[in-house]
Amino acid sequence: MIGKKRAYRFLSRRSCWRLAMLYREGLADGRWTTQLGALSTLGVSQGDLSLALQLEKLPEPIVDLFEDRIEISSHTVRVIRHTIIHDGLSTVLSRVQRSGVPSKTLSNKGVLRVIKGQALGSKKMLRRSGQDLEKIVARPLDLPAHIAERYYLGVKQGEWDSFSACAKALHISRRNISDAVAISELPVSIRHLFGVQALTLCVGRKLLALKRELGIDELLLRALCKESMLDVVGRTADNILLELNDEDIGPLDLRRVRIKKGRGSNRLVIECKDAALLFRYRHEMEGAIHKVLRRRLRDPESFEVIRDSLGTRRSVLPR
DNA sequence: GAGACAGTGATTACGTTCGG
DNA sequence: CCGAACGTAATCACTGTCTC
């Protein structure tokens, strides 16, 4: 049974284009006058022969999408016809036009994606990224954003129509591609918390795990009240992930935070109730201290300029 | 990162129903 | 009767997830 089924896949009679051609030849030769009369000779069902002849009636812009029209199957013709009947010819033709797919580039499956409007997502994602197409191709495929954009570009240009095919073509793992696309499709309010360089596959996978665990609505809610690492110096991806995880850090007692002189001239000691919590935000605190120092300590030359302009005595200026 | 595995949708091949 | 449309079981291909 399996052998019989599999054998059909390798017979050219599955080709609608060739089937229609053979049927027309038989009609012209007088070997048959009806579809039923041709069935035994052509070795196909009446339904498939009927669909093969429908191929000739499909609009040229649709047929032109196929990389090799001899591969067009009865199923493909059937789905196209069903979509045209269901969604309307003008809708389907506008999908073909908006997809921007070059002619003679797509497999049966790829054409069906365009016809059903599923391929437009890639174009939308590329438009959102606003990147030069040549730059997308030239970039190293290390970050999820870069991998996803390269994937979308390939779909748009008919290079592939699945994660698996993309993985083979680019020689990177299928999992990396599917994860990168999933990460890039996370809401912008979540992705914006991280810089492009900080949103690595590792960080992104943690976000996807949180999305699975909490649901997208809860994750979005938590992301809303978090500060982006682009806005706060020293903030790390790890900080944000822990906060999104809503880890219970207990009640804060800020009165217990003290900074004292330590041993030696270049050491300070920070006392607090939860040193581990504070240590987690050390980069952010270092950034904040730098900011304070920059504001409080100015270089001597600027003081000279101010003193000269105001004619103020040196003794009253802050040191 | 690779492989296994289950779930899901697509495809194939064939059959049945319906309208002219 | 003929051709078109629809239904279905078996199979294939792809995906997400998990484990190592």
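Heavy-atom basis, side chains included; hydrogens, waters and symmetry copies ignored. Keep in mind the model is a prediction, meaning the values are calculated, not measured. Labels below follow one simple rule: chain letters A, B, ... track the order of the sequence lines, proteins then strands, and each chain is numbered from 1.
In the set C/dG3, B/dG1, B/dC14, the nucleotide with an atom closest to the side chain of A/Ser50 is C/dG3. Taking the side chain of A/Arg78 as heavy atoms from C-beta on, and the options B/dA2, B/dC14, C/dG16, the nearest nucleotide is B/dC14. Candidate nucleotides C/dG16, B/dG1, C/dG3 were compared by shortest atom distance to the side chain of A/Tyr23, and C/dG3 ranks first. Proximity note for A/Arg174 (side chain, C-beta onward) versus C/dA4, C/dC14, C/dT17: the nearest is C/dT17.
Per the geometry, CG belonging to A/Leu49 stands 13 Å off P belonging to C/dC2, to the nearest Å. Going from atom CD1 of A/Ile177 over to atom C1' of C/dT15 covers 12 Å, rounded to whole Å. Between the CG atom of A/Leu208 and the P atom of C/dC18 there is a distance of 12 Å, given to the nearest Å. Atom CG in A/Leu51 sits roughly 9 Å away from atom P in C/dA4 (whole-Å rounding). A/Lys211 places its NZ atom 9 Å from the P atom of C/dT17, with the value rounded to the nearest Å. Distance, A/Tyr151 OH to C/dC14 P: 11 Å, rounded to whole Å. Atom CZ of A/Arg175 is separated from atom P of B/dA4 by 16 Å (rounded to the nearest Å).
For C/dG16, the OP1/OP2 oxygens have a side-chain nitrogen or oxygen of A/Ser178 closer than 4.0 Å.
In this structure, CZ in A/Arg175 is found 8.5 Å from CG in A/Leu201, a value given to the nearest 0.5 Å.
Linking Ile, Leu, Val, Met, Phe, Trp and Tyr residues whenever their side-chain heavy atoms come within less than 4.5 Å places A/Met21 and A/Leu55 in a single cluster.
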Could you spell out the base pairing of DNA chain B in dot-bracket, with Watson-Crick or G-U pairs whose two distances are under 3.5 Å, [ ] crossing and | to another strand?
||||||||||||||||||||
